K.L.:
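Quick one: the structure is below, questions incoming.
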Amino acid sequence: MSERPALQLRDRAVKALKDDQMRQAVRNAVDRLSGNKEKAARELPHWEQWREQTRLIRQHTIDNLDYYLKMLTDNVRKAGGQVHFALTAEAARGIITGLCQQYEAKLVVKSKSMVTEEIHLNPALEKAGMEVVESDLAEYILQLAGETPSHIIVPAIHKNRYQIADLFSQVAGEKVESDTPALTRFARQTLREKFMEADIGITGCNFAVAETGSVTLVTNEGNARLSTALPRVVISVMGMERLVPAFEDLETVLSMLPRSATGQKLTSYISVINGPRQAADIDGCEKFHLVIVDNGRSRILADEEYRQSLNCIRCGACFNVCPVYRQIGGHAYGSVYGGPIGSVITPLLENDFAFWGELPYASTLCAACTSTCPAKIPLQELLLKLRAHRVSAGYTNTFEKIAFGLWKRFFKLPGTYKFAMKAASLGQKPLVKNGYITARIPLLANWTNSRYLPAAADETFRDRWKKRKKQVSP
Amino acid sequence: MKASIFITCICDSMYPQVGDSMVRVLEKLGVTLDFPPEQTCCGQPALSSGYWEDAKPVAETMLTAFKNSEYVVAPAGSCITAIKEYYPALFEQNPDQYRQAKELIGKIYEFSEFVVKILKKEDVGASFPHRVTYHSSCHARRFLNTDEYILALLKNVREIDYVPLPHEEACCGFGGTFAVKLPEISEAMVDEKVRNIFETKADVLIGTDLSCLMNITGRLRKQKSNIRVMHMAELLDEGMRT
Ligand code: SF4
């Protein structure tokens with residue numbers, strides 16, 4: 001289980017809303033990304049059919065996960081790799097740290113992995129005395145800044161390039177210009193040396209292929225390739241659900257992933273690791289390990305409806321269209337996974353509805369996420385189900401419970417409903433000015449801080465209707 | 001043609017004039033209306049907040065009220081969405097209620113949808129010489145697909161100067177209890193919506209969902225803007241009188 005943030009969701013959000021620089025950076029980026037995605041979707045004929053195909057592949061895999069995991073394991077082993085299962089984050093950290101120690105690693109390079117964030121791997125390796133270097137530009141930036149990703153595809157989305165140039169300048173001991181080529185050049189030079197020296201490369205896994213026992217990684221910088229080709233030992237870490245049955249399924253998912261994520265037709269690099277190097281190979285690692293992480297996923301798998309959340313291909317498109325993410329950025333979610341999908345899977349992965357059960361309320365249920373998701377995950381339905389789950393588990397506040405209890409009593413019968421409407425219309429009288437309630441009223445104070453609430457009319461529609469009927473038919 | 005009106009609790013208590021407009025327009029178009037008095041609220045606030053047990057008895061008022069109706073028309077897309085999205089699951093344990101819920105879903109229409117789809121009227125003979133922009137609610141856009149009906153109706157209003165709203169797809173930030181639970185995020189969202197509305201330089205904002213309109217008007221007024229905010233039914237009602 002990961003640590004809970006000190007603040008509640010609302011306080012985290014308030015803090016984020018005060019960070020104008022972050023909000024501007026996020027707004028600019030999501031507008032660009034979702035615009036590109038829209039364009040990419042229009043350019044690919046039959047987008048809806050591709051989505052359906054993606055959903056089918058994912059659903060089939062998840063419904064038969066045990067079967068395909070076994071197939072994957074057998075085939076990785078056949079290719080000379082070793083496979084490890086980790087039931088918890090702690091177990092995963094233990095396995096990976098143990099492997100690194102076994103190979104006497106001093107320097108570890110890492111590339112592209114949300115799941116290692118999920119299991120908080122870096123601090124564990126550092127505690128065991130190793131130097132860990134993030135090799136992707138964005139992750140490297142965050143490592144220097146001592147921060148965590150705030151988006152699953154664009155981890156440093158919350159930073160602008162001036163902030164990045166400042167960070168790099170500190171490392172370089174001289175001024176690094178803030179244009180993209182200069183930043184990339186600096187990172188590349190610094191990181192290339194690390195690749196040459198590294199003993200172990202740790203990567204994530206976009207999709208493993210059960211049928212061939214391969215691990216595929218898609219990147220734009222190509223660092224995954226260096227992380228896997230140069231060091232002697234490669235450890236790939238994957239969430240238990242991150243696989244497809246066959247190589248041909250990659251055509252679909254690797255078409256949809258970059259298009260949904262950034263609007264690219266393909267990413268610049270697709271690396272496929274098929275076990276350690278064989279006699280005839282000219283490069284590749286000597287040892288290959290695949291660590292498959294459960295960490296709550298079997299629990300999600302056990303629920304027929306929540307199971308769909310495992311269909312996620314981690315494209316981040318739902319973040320980019322979410323009006324809530326747009327305003328508060330990723331860190332305010334407080335969890336490794338933010339955005340709509342993060343709000344769904346965090347309470348489930350953490351198995352914690354008391355604290356993390358707040359996250360499903362970080363949505364207006366506008367369904368922008370559902371309509372964009374390439375795997376057609378009904379995100380807003382799952383958010384709703386999680387809310388109901390939290391209420392029935394008894395974790396909501398007493399005040400709200402009482403309010404809905406009262407609401408039910410008054411609204412379930414036309415007579416009491418009419419009475420409540422009348423009472424509201426009379427009771428509000430002292431608070432009304434020019435047709436609006438501008439004073440603070442306890443229940444709605446939060447809302448009325450920034451908006452005027454219209455006053456209830458003197459006469460409800462139903463009363464007017466009654467009168468009207470009397471006039472028409474005396 | 002006969003239809004029953006579902007007035008929704010927000011319309012009933014805060015915007016009865018919208019109900020009046022809807023009645024006038026529909027009657028002019030030859031519909032005979034009735035108002036089943038058993039109706040109260042669709043239950044959406046409780047449903048979307050996770051209080052399904054509390055929502056059930058309230059939602060039952062809907063089933064009873066419209067049992068014998070041929071068509072049901074409402075001035076609020078989000079309430080219709082709630083019925084369509086939640087009722088089947090809410091009533092799944094009781095076959096009788098489940099059937100009634102399905103029946104209701106099959107005959108309930110958002111106002112503009114009813115006019116265009118059922119009455120087959122795109123031109124109601126209205127004229128409205130103002131600069132108008134349209135906030136497409138999430139329900140209209142992503143659940144009910146009723147934007148096309150609104151746009152068809154607007155296209156035929158004489159003298160109207162219609163300007164599309166930038167970021168039309170963006171939620172206004174209301175989301176029922178969302179606006180109360182996370183008011184600061186909600187404010188940031190409605191603020192962006194209002195900025196976009198200002199950009200259009202429109203004099204009138206229209207919509208088909210009273211909760212979104214209430215949220216947006218609240219923000220506009222707080223900012224001392226007096227842009228008129230109207231329900232589509234009010235626009236047509238006014239336009240048909242001139
Ligand atoms: S939930 Fe859907 S849209 Fe969001 S990251 Fe996963 S696949 Fe992409």
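These numbers come from a predicted model, not from an experiment. Each chain gets a letter, A, B and so on, in the order the sequences are listed, and its residues count up from 1.
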K.L.:
Measure distances from B:Glu60 to the heavy atoms of chain A and classify the residue's part below 4.5 Å as side chain, backbone, both or neither.
P.N.:
neither
K.L.:
Is there a side chain to side chain contact (heavy atoms under 4.5 Å, CB included) between A:Trp465 and B:Leu33 once you walk through the steps?
P.N.:
CA-CA 11 Å; A:Trp465 176 268; B:Leu33 295 169; 4.2 Å; yes
K.L.:
Which atom names give the shortest non-hydrogen contact between A:Arg464 and B:Pro16, and what distance separates them?
P.N.:
NH2-CG, 3.4 Å
K.L.:
Considering only heavy atoms, which portion of A:Ser425 lies under 4.5 Å from any heavy atom of chain B: side chain, backbone, both, or neither?
P.N.:
neither
K.L.:
Is B:Leu47 close to chain A through its backbone or its side chain, or both, or neither, when contacts mean heavy atoms under 4.5 Å?
P.N.:
backbone
K.L.:
Quick one: what part of A:Lys418 sits under 4.5 Å from any heavy atom of chain B, side chain, backbone, both or neither?
P.N.:
neither
K.L.:
What part of A:Arg462 gets closer than 4.5 Å to chain B, counting heavy atoms only: side chain, backbone, both or neither?
P.N.:
both
K.L.:
Please classify the contact between B:Asp20 and chain A as side chain, backbone, both or neither, with a heavy-atom cut-off of under 4.5 Å.
P.N.:
both
K.L.:
Tell me, out of B:Ala170, B:Ser48, B:Ala89, who's got the most heavy-atom pairs with chain A below 4.5 Å.
P.N.:
B:Ser48
K.L.:
Are B:Glu27 and A:Arg468 ion-paired here, with the side-chain N under 4.0 Å from a carboxylate O?
P.N.:
yes
K.L.:
Check the pair A:Leu384, B:Trp52 against side chain to side chain contact (heavy atoms under 4.5 Å, CB included), reporting the backbone distance first and the verdict last.
P.N.:
CA-CA 11 Å; A:Leu384 190 80; B:Trp52 285 55; 3.8 Å; yes
K.L.:
Quick check on B:Ser49 against chain A: is it the side chain, the backbone, both or neither that has a heavy atom closer than 4.5 Å?
P.N.:
both
K.L.:
Thinking salt bridges, do A:Arg326 and B:Glu192 make one under a 4.0 Å N-O criterion?
P.N.:
yes
K.L.:
What about the rings of B:Tyr15 and A:Phe461, do their centers lie closer together than 6.0 Å?
P.N.:
no
K.L.:
Does the side chain to side chain contact (heavy atoms under 4.5 Å, CB included) test come out yes or no for A:Gln327 and B:Met189, once each step is laid out?
P.N.:
CA-CA 7 Å; A:Gln327 302 298 342; B:Met189 288 165 72; 3.7 Å; yes
K.L.:
Does the side chain of A:Pro323 come within less than 4.5 Å of B:Cys171's, by heavy atoms?
P.N.:
yes
K.L.:
Looking at A:Val321, A:Leu383, A:Leu386, A:Leu17, which has the largest count of heavy-atom pairs under 4.5 Å with chain B?
P.N.:
A:Leu17
K.L.:
Only pairs of heavy atoms separated by less than 4.5 Å count here; which of B:Gly173, B:Gly175, B:Ser13, B:Ala55 has the most with chain A?
P.N.:
B:Ser13
K.L.:
Which atom pair, heavy atoms only, marks the closest approach of A:Ala367 to B:Arg142?
P.N.:
O-CD, 3.5 Å
K.L.:
Against chain A, label B:Cys172 side chain, backbone, both or neither, depending on which of its atoms sit under 4.5 Å from a heavy atom there.
P.N.:
neither
K.L.:
What I want to check is whether the side chains of B:Tyr51 and A:Thr396 have a donor and an acceptor closer together than 3.5 Å.
P.N.:
yes
K.L.:
Would you mind checking which part of A:Gln8 comes under 4.5 Å of any heavy atom in chain B, side chain (CB onward), backbone (N, CA, C, O), both or neither?
P.N.:
neither
K.L.:
Heavy-atom distance under 4.5 Å to chain A: side chain of B:Ile7, backbone, both or neither?
P.N.:
side chain
K.L.:
Please classify the contact between A:Leu365 and chain B as side chain, backbone, both or neither, with a heavy-atom cut-off of under 4.5 Å.
P.N.:
both
K.L.:
Please flag which part of B:Ser186 lies under 4.5 Å from any non-hydrogen atom of chain A: side chain, backbone, both or neither.
P.N.:
both
K.L.:
If you look at every heavy atom in B:Met14 and A:Ala456, which pair is closest and at what distance?
P.N.:
CG-CA, 4.2 Å
K.L.:
Work out which heavy atom in A:Trp407 is nearest to a heavy atom in B:Gly43; give both atom names and the distance.
P.N.:
CH2-CA, 3.6 Å
K.L.:
Please state whether the side chain, the backbone, both or neither of A:Ser392 comes within less than 4.5 Å of a heavy atom of chain B.
P.N.:
neither
K.L.:
Please tell me if the side chains of B:Cys9 and A:Met421 come closer than 4.5 Å, counting only heavy atoms from C-beta onward.
P.N.:
yes
K.L.:
Side chain, backbone, both or neither: which part of B:His139 has a non-hydrogen atom closer than 4.5 Å to chain A?
P.N.:
neither
K.L.:
Taking only Lys NZ, Arg NE, NH1 and NH2, and the carboxylate oxygens of Asp or Glu, determine whether B:Lys181 and A:Glu400 approach each other closer than 4.0 Å.
P.N.:
yes
K.L.:
Does any backbone or side-chain atom of A:Leu413 lie under 4.5 Å from a heavy atom of chain B? Answer side chain, backbone, both or neither.
P.N.:
backbone
K.L.:
Picking from B:Leu182, B:Thr64, B:Asp191, B:Val190, which has the most non-hydrogen pairs under 4.5 angstrom with chain A?
P.N.:
B:Leu182
K.L.:
Between B:Glu184 and A:Arg10, does any side-chain N to carboxylate O distance fall below 4.0 Å?
P.N.:
yes
K.L.:
List the steps and the verdict of side chain to side chain contact (heavy atoms under 4.5 Å, CB included) for B:Lys56 and A:Lys412.
P.N.:
CA-CA 9 Å; B:Lys56 212 179 220 162; A:Lys412 73 174 175 186; over 6 Å; no
K.L.:
What part of B:Gln39 gets within 4.5 angstrom of chain A, counting heavy atoms only: side chain, backbone, both, or neither?
P.N.:
both
K.L.:
Quick check: closest heavy atoms across A:Phe411 and B:Cys41, and the distance to 0.1 Å?
P.N.:
CD2-CB, 3.5 Å
K.L.:
Any side-chain heavy atom of B:Phe178 within less than 4.5 Å of one from A:Val324?
P.N.:
yes
K.L.:
Can you name the residues of residues 22-33 of chain A that have some heavy atom under 4.5 Å away from a heavy atom in chain B?
P.N.:
A:Arg23, A:Arg27, A:Asp31
K.L.:
Measure distances from B:Val23 to the heavy atoms of chain A and classify the residue's part below 4.5 Å as side chain, backbone, both or neither.
P.N.:
side chain
K.L.:
Which region of B:Ala179, side chain (C-beta onward) or backbone (N, CA, C, O), has a non-hydrogen atom less than 4.5 Å from a non-hydrogen atom of chain A, or is it both or neither?
P.N.:
both
